[in-house]
Amino acid sequence: MRLGDFLSRLYLVALFAFVFAPIVTSMVFSFNSDRFPTVPLGHFTLNWYETAFARPEVWTAFGNSVLVALCAAALSTALGFATAYTDFRYGFRFKNAYLALALLPPTIPLVIMGLAMLAWLGRIGLSGTLPGIVIAHTVMGAPFAMAICRLRLQQMDASLEAAAWNLGASPWRAMRSVVLPFCLPALISAYCLTAAVSFDEFIVAWFVSGLNKTVPVMILEILQGNVDPQINAIGTVVFLTSMTLVIVAQLLILRKTAR
């Protein structure tokens with residue numbers, strides 16, 4: 001093995017270790033009987049999971065997060081696909097500006113996004129409500145869905161849809177029979193990814209959630225004031241849920257790319 005290849009792999013391993021070591025440590029301590037994260041560890045226990053999930057507010061927060069993630073992912077995927085299809089099918093003036101605006105939300109600092117969403121949702125009476133959180137997370141997730149759908153549409157022969165039209169299909173029939181089946185893996189992938197983004201998001205949700213707390217917001221409230229191992233247990237469940245969604249999305253993308 002050449003020195004350059006070895007150093008590249010070493011750097012990659014070090015990068016993953018730097019990113020995932022704190023997460024793995026938190027997962028390990030979620031099964032530790034000791035209250036404080038010390039070494040050597042105590043004995044294996046599920047007490048912190050039982051204590052955390054015996055609290056009604058934890059189940060309420062998980063229910064809020066799941067509901068918001070499912071709704072925001074559906075809206076984000078629909079908007080992302082519509083934007084990507086517009087880019088794929090049509091040419092018009094200021095198209096570059098249109099795409100730039102569609103991809104703008106991830107570039108805005110989350111604190112600024114949260115303040116802007118709080119002001120806007122407050123003006124229309126949705127601040128502190130679950131629909132308000134769904135709207136905020138849809139704005140954040142739609143650009144990710146658009147990027148995935150654009151990647152898939154770039155692999156499609158543009159003449160396929162035109163051929164369906166020539167054979168008598170209406171634009172909507174061609175969309176249902178040609179475009180959507182071709183993009184289905186990307187749509188599922190976009191849905192999973194945007195659901196993970198919504199499920200994990202904290203800063204914007206903290207600004208707009210009010211009393212309808214999501215799991216990340218509730219974790220912050222538990223953390224304030226004392227060290228509580230229940231956070232490790234809840235965080236482990238959140239991490240595994242999000243990683244499952246991201247891995248499913250990535251596998252769908254890689255599988256179709258390989259084909």
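Because only heavy atoms are used, hydrogens play no part in the values below, and waters and symmetry mates are left out as well, while side chains stay in.
I148 and F144 fall within a single hydrophobic cluster, where Ile, Leu, Val, Met, Phe, Trp and Tyr are joined by side-chain heavy atoms under 4.5 Å apart, directly or via other members. Hydrophobic clustering of Ile, Leu, Val, Met, Phe, Trp and Tyr side chains at less than 4.5 Å, counting indirect connections, keeps V139 apart from V197. Linking Ile, Leu, Val, Met, Phe, Trp and Tyr residues whenever their side-chain heavy atoms come within less than 4.5 Å leaves L184 and L153 in two separate clusters. At a threshold of 4.5 Å between side-chain heavy atoms, the hydrophobic network of Ile, Leu, Val, Met, Phe, Trp and Tyr places L70 and V134 in two separate groups. L104 and Y98 fall into different hydrophobic clusters, where Ile, Leu, Val, Met, Phe, Trp and Tyr side chains are chained together by heavy-atom contacts under 4.5 Å.
Inter-residue side-chain proximity for F29 and W48 is flagged as unmet; no heavy-atom pair is nearer than 4.5 Å. Side-chain atoms of W120 and L126, non-hydrogen and from C-beta on, never get closer than 4.5 Å to each other.
More than 12 heavy atoms of other shown residues, nucleotides or ligands fall within 6.0 angstrom of atom CZ in R89. Shown here is F44, whose CZ atom has more than 12 heavy atoms of other residues, nucleotides or ligands within 6.0 Å. Counting non-hydrogen atoms of neighbouring residues, nucleotides and ligands closer than 6.0 angstrom, the CZ atom of F92 exceeds 12 such neighbours. The 12-atom threshold is not exceeded at CH2 of W59, counting heavy atoms of other residues, nucleotides or ligands nearer than 6.0 Å.
L160 approaches V178 most closely through the heavy-atom pair CB-CG1, 4.1 Å. What you find for F182 and M156 is that their closest heavy atoms are CE2-CB, 3.3 Å. Counting all heavy atoms, side chain and backbone alike, A174 lies closest to A169 at N-CB, 4.2 Å. Across all non-hydrogen atoms, the minimal contact from L67 to L130 is CD2-CD1, 3.9 Å. In plain terms, the two heavy atoms of Y49 and A233 that are nearest each other are CE2-O, 3.5 Å. Across A136 and V208, no two heavy atoms sit closer than the pair CB-CG2, 4.5 Å.
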Inset, instruction - Could you give me the CA-CA distance, side-chain angles and deciding distance for L7 and Y11, then say whether side chain to side chain contact (heavy atoms under 4.5 Å, CB included) is met? - result: CA-CA 6 Å; L7 291 177; Y11 171 77; over 6 Å; no
Inset, instruction - Show your working on side chain to side chain contact (heavy atoms under 4.5 Å, CB included) between V111 and F207 and close with a plain yes or no. - result: CA-CA 9 Å; V111 173; F207 276 99; 4.2 Å; yes
Inset, instruction - Run the numbers on L193 and V246 for side chain to side chain contact (heavy atoms under 4.5 Å, CB included), then give the verdict. - result: CA-CA 5 Å; L193 181 60; V246 172; 4.3 Å; yes
Legend entry - side chain to side chain contact (heavy atoms under 4.5 Å, CB included) evaluation trace for T241 with V66: CA-CA 10 Å; T241 301; V66 170; over 6 Å; no
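Using modelled atom types and a 3.5 Å distance limit, the side chains of N232 and S26 yield a donor-acceptor pair.
Here S65 contributes atom OG and F199 contributes atom CZ; the two are 5.0 Å apart, rounded to the nearest 0.5 Å. Between the CZ atom of F31 and the OG1 atom of T236 there is a distance of 6.0 Å, given to the nearest 0.5 Å. In this structure, T194 OG1 and M146 CE are separated by 14.5 Å, a value rounded to the nearest 0.5 Å. F202 contributes atom CZ, which lies 10.5 Å from atom CG of L110 (distance to the nearest 0.5 angstrom). Atom-to-atom distance recorded for T107:OG1 and I112:CD1 is 12.0 Å, nearest 0.5 angstrom. Atoms CD1 and CE, on I231 and M218 in that order, are 9.0 Å from each other to the nearest 0.5 Å.
Side chain of E50 to main chain of A52: no donor-acceptor pair is present (N/O by atom type, distance under 3.5 Å, no hydrogens or angles). Judged by distance alone, the side chain of N212 and the main-chain N or O of G128 form a donor-acceptor pair under 3.5 Å.
Within the structure, the salt bridge (Lys or Arg N to Asp or Glu O under 4.0 Å) test picks out the following pairs touching residues 91-113 (sequence neighbours left out): D87-K95.
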